[in-house]
Amino acid sequence: MKNNLFIYNTLTRKKEEFKPLNPKHVGLYVCGPTVYGDPHLGHTRPAITFDILFRYLKHSDYKVRYVRNITDVGHLESDGDTGEDKIAKKARLEELEPMEVVQYYTDRYHSYMDQLNVQKPSIEPRASGHIIEQLQIVEDILAKGLAYESNGSVYFDVEAYNKDHHYGELSGRNIEDLLSTTRELDGQSEKRNSFDFALWKKAAPEHIMRWPSRFSEGFPGWHLECSAMSARYLGTEFDIHGGGMDLLFPHHECEIAQSTVCNGHTPAHYWMHNNMITIDGQKMGKSLGNFITLEQMFSGEHEKLEQAYSPMTVRFFIMQAHYRSTLDFSNEALQASQKGLDRLLEAFGKLDQLTASDASTFSVQELKDKCYAALDDDINTPILIAHLFDAVKNINSMLAEKATLTSSDLSELKALMQNMVVDILGLSAAESNSSEGNDELLSETINLLLNLRIDAKANKDWGTADKIRNELQALGVEIKDTKDGFDWSIK
RNA sequence: GGUUCCUUGGCCGAGCGGUUAGGCACUGGUCUGCAAAACCAGGUACGGCGGUUCGAGUCCGCCAGGAACCUCCA
């Protein structure tokens with residue numbers, strides 16, 4: 001299947017037609033989490049955004065290699081490059097081996113991603129497993145004269161790089177701005193310029209995570225891992241690089257500078273950045289401490305949460321906004337998403353009950369074209385969802401015998417809904433309503449009661465009929481009367 | 001301070017110069033024993049002030065308010 005995908009490229013600030021380097025293959029690299037804390041709502045944004053891209057590319061018959069890293073080394077605590085490694089700090093506090101912390105939070109991250117129905121990337125490399133590759137890049141940049149050694153650490157020489165290249169091309173900055181706006185921080189005496197960034201850092205005595213190198217016992221600079229791992233698994237030139245907008249500068253800018261020195265060109269053709277999730281109008285983030293973890297979202301145990309929200313509700317909530325817009329958290333918005341999702345999945349589940357007619361009263365082809373057009377337009381999931389609600393309306397109209405489809409149109413509709421709802425958006429009915437665990441006995445019991453209610457209704461015994469309905473509802477069984485009987489589900 | 005971006009109906013959220021976005025909530029109707037669900041119908045929004053244009057949430061300028069990045073952050 002051919003698509004006509006356009007994606008917004010941060011590099012050019014325009015929507016561009018997506019043309020992969022190799023006609024049938026796509027290389028996709030996305031910055032993954034730093035595993036020193038529990039995943040929160042903010043982490044779902046890139047995970048879900050690029051999950052949909054991944055799914056859509058595969059749906060379009062590309063062979064996709066999706067690489068999403070785990071950062072388990074090298075992130076420094078505040079105060080520029082003088083702080084201590086985040087993971088090492090956490091480890092000391094909890095008296096754990098650093099890798100124990102990494103393992104724990106990596107497992108947690110995976111578990112929550114599974115619940116959100118985020119597909120696993122093709123490769124999930126760890127920074128700590130690629131120290132050699134990172135050191136090779138350090139050597140390469142040093143050899144090309146664009147880095148310097150200082151007191152056992154190695155720094156990238158931004159000023160020298162900027163003579164032949166534009167440091168800031170991705171984030172729209174220039175070196176003069178950076179000079180005038182960078183603050184004076186302590187411990188920067190090792191650097192020639194405040195905007196230089198570390199390629200290798202000598203480890204302080206208390207620093208636990210360290211590796212030997214010819215410069216010092218130390219650890220790689222943060223920006224290096226993505227350059228090293230993307231090159232290793234996708235090549236020095238690949239299609240798409242994604243991540244959160246907050247990584248645009250300096251992280252991705254530095255990545256570009258490093259890779260450009262080593263390979264002579266930018267690593268990725270398309271740079272995609274998802275926007276932030278906000279809470280009370282402010283970015284939800286670790287440093288601000290205003291985040292809600294996924295554990296809290298799913299359990300409802302947080303002061304800002306009026307109730308628990310299922311993973312599918314969270315997923316749907318994320319998709320109802322375009323990935324490049326901020327999305328504000330609120331209970332009202334989540335509750336609206338939950339209801340909308342229920343309605344969508346309810347209709348989806350009823351597709352099998354539809355029967356064909358001689359004629360079609362609405363155009364499935366048109367619906368299909370609109371759905372693909374929405375996806376092709378920079379993965380516009382809110383528009384896609386709007387079209388899916390048109391489908392919901394049509395499905396319900398058919399159930400009410402107010403609309404019809406020919407048998408070929410009907411199978412088209414079923415295929416389309418399967419493709420869009422399940423394959424691409426990754427929504428699953430099983431996750432949404434907890435109808436699991438309603439075993440045979442329970443089902444038969446409820447059926448028995450509802451059949452008794454039918455009898456009561458036939459006898460115009462409204463008291464008994466309403467009692468059965470109300471008490472079942474109080475127990476969480478949702479009852480819908482239909483033309484030829486009843487329909488129920490467990491809430 | 002520098003750079004970039006945002007401000008849409010009760011709420012959330014699309015929109016990229018000219019036709020109803022959509023969801024949730026609300027109101028009326030149909031259906032129902034009554035409900036629920038579903039269907040039909042309804043409200044006509046675009047921060048303020050100018051400008052460009054036959055025509056502007058949509059382009060330009062100014063003003064007001066808010067945010068992100070400039071330090072780790074998805």
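Keep in mind it's a predicted model, so treat the numbers as computed, not measured. Here is how names work: the chains are called A, B, and so on, in the same order as the sequence lines, proteins then strands, and each is numbered from 1. Just so you know, these numbers use all the heavy atoms, side chains as well, and skip hydrogens, waters and symmetry mates.
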> Ring stacking, W462(A) with base of rG33(B), under 5.5 Å and under 30°?
Replying inline: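 Whether judged by distance or by angle, W462(A) passes, so it stacks on the base of rG33(B).
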
>> Any side-chain N or O of K457(A) below 4.0 angstrom from OP1/OP2 of rC34(B)?
In response: no

Check nucleotides 11-15 of chain B against the protein and report each pair of N or O atoms closer than 3.5 Å, with its distance, or say if there are none.
{"from": "rG13(B)", "atom 1": "OP1", "to": "D328(A)", "atom 2": "N", "distance (Å)": "3.1"}
{"from": "rA14(B)", "atom 1": "OP1", "to": "H322(A)", "atom 2": "N", "distance (Å)": "2.6"}
{"from": "rA14(B)", "atom 1": "OP1", "to": "S325(A)", "atom 2": "OG", "distance (Å)": "3.1"}
{"from": "rG15(B)", "atom 1": "OP1", "to": "N380(A)", "atom 2": "ND2", "distance (Å)": "2.9"}

Mind checking [X] for me? I need base, sugar-phosphate or nothing, with any heavy atom below 4.0 Å counting as a touch.
| X | result |
| --- | --- |
| G42(A) | base |
| K286(A) | sugar-phosphate |
| R469(A) | base |
| N396(A) | sugar-phosphate |
| K460(A) | nothing |

Ring-face cation contact, [Y] with [X], 6.0 Å cut, 45° max:
| X | Y | result |
| --- | --- | --- |
| R324(A) | Y8(A) | yes |
| R68(A) | F50(A) | no |
| K286(A) | Y36(A) | yes |

>> Suppose we call a contact any N or O donor and acceptor under 3.5 Å apart; does that hold for the side chain of D390(A) and the base of rG22(B)?
In response: no

> Could one point to a donor on the side chain of D481(A) or the base of rA35(B) with an acceptor on the other under 3.5 Å away?
Replying inline: yes

>> Does the plane of the ring in H252(A) sit parallel, tilted or perpendicular to the ring in W271(A)? Use 30° and 60° as the thresholds.
In response: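 It falls in the tilted class, 30° to 60°.
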
>> Base contacts versus sugar-phosphate-only contacts with protein, heavy atoms under 4.0 Å: please encode nucleotides 40-48 of chain B as B, S and - from 5' to 3'.
In response: S--------

> Taking C-beta and beyond as the side chain, do F291(A) and I277(A) meet within less than 4.5 Å on heavy atoms?
Replying inline: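 Sidechains of I277(A) and F291(A): no contact.
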
> Hey, is rG43(B) sitting syn or anti, using the within-90° cutoff around 0?
Replying inline: anti

>> Tell me the closest heavy-atom pair linking L405(A) and L410(A), and the distance in Å.
In response: CD1-CA, 3.9 Å

> Have Q365(A) and D369(A) got a donor and an acceptor in their side chains that come within less than 3.5 Å?
Replying inline: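 Distance-only check passes for Q365(A) and D369(A).
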
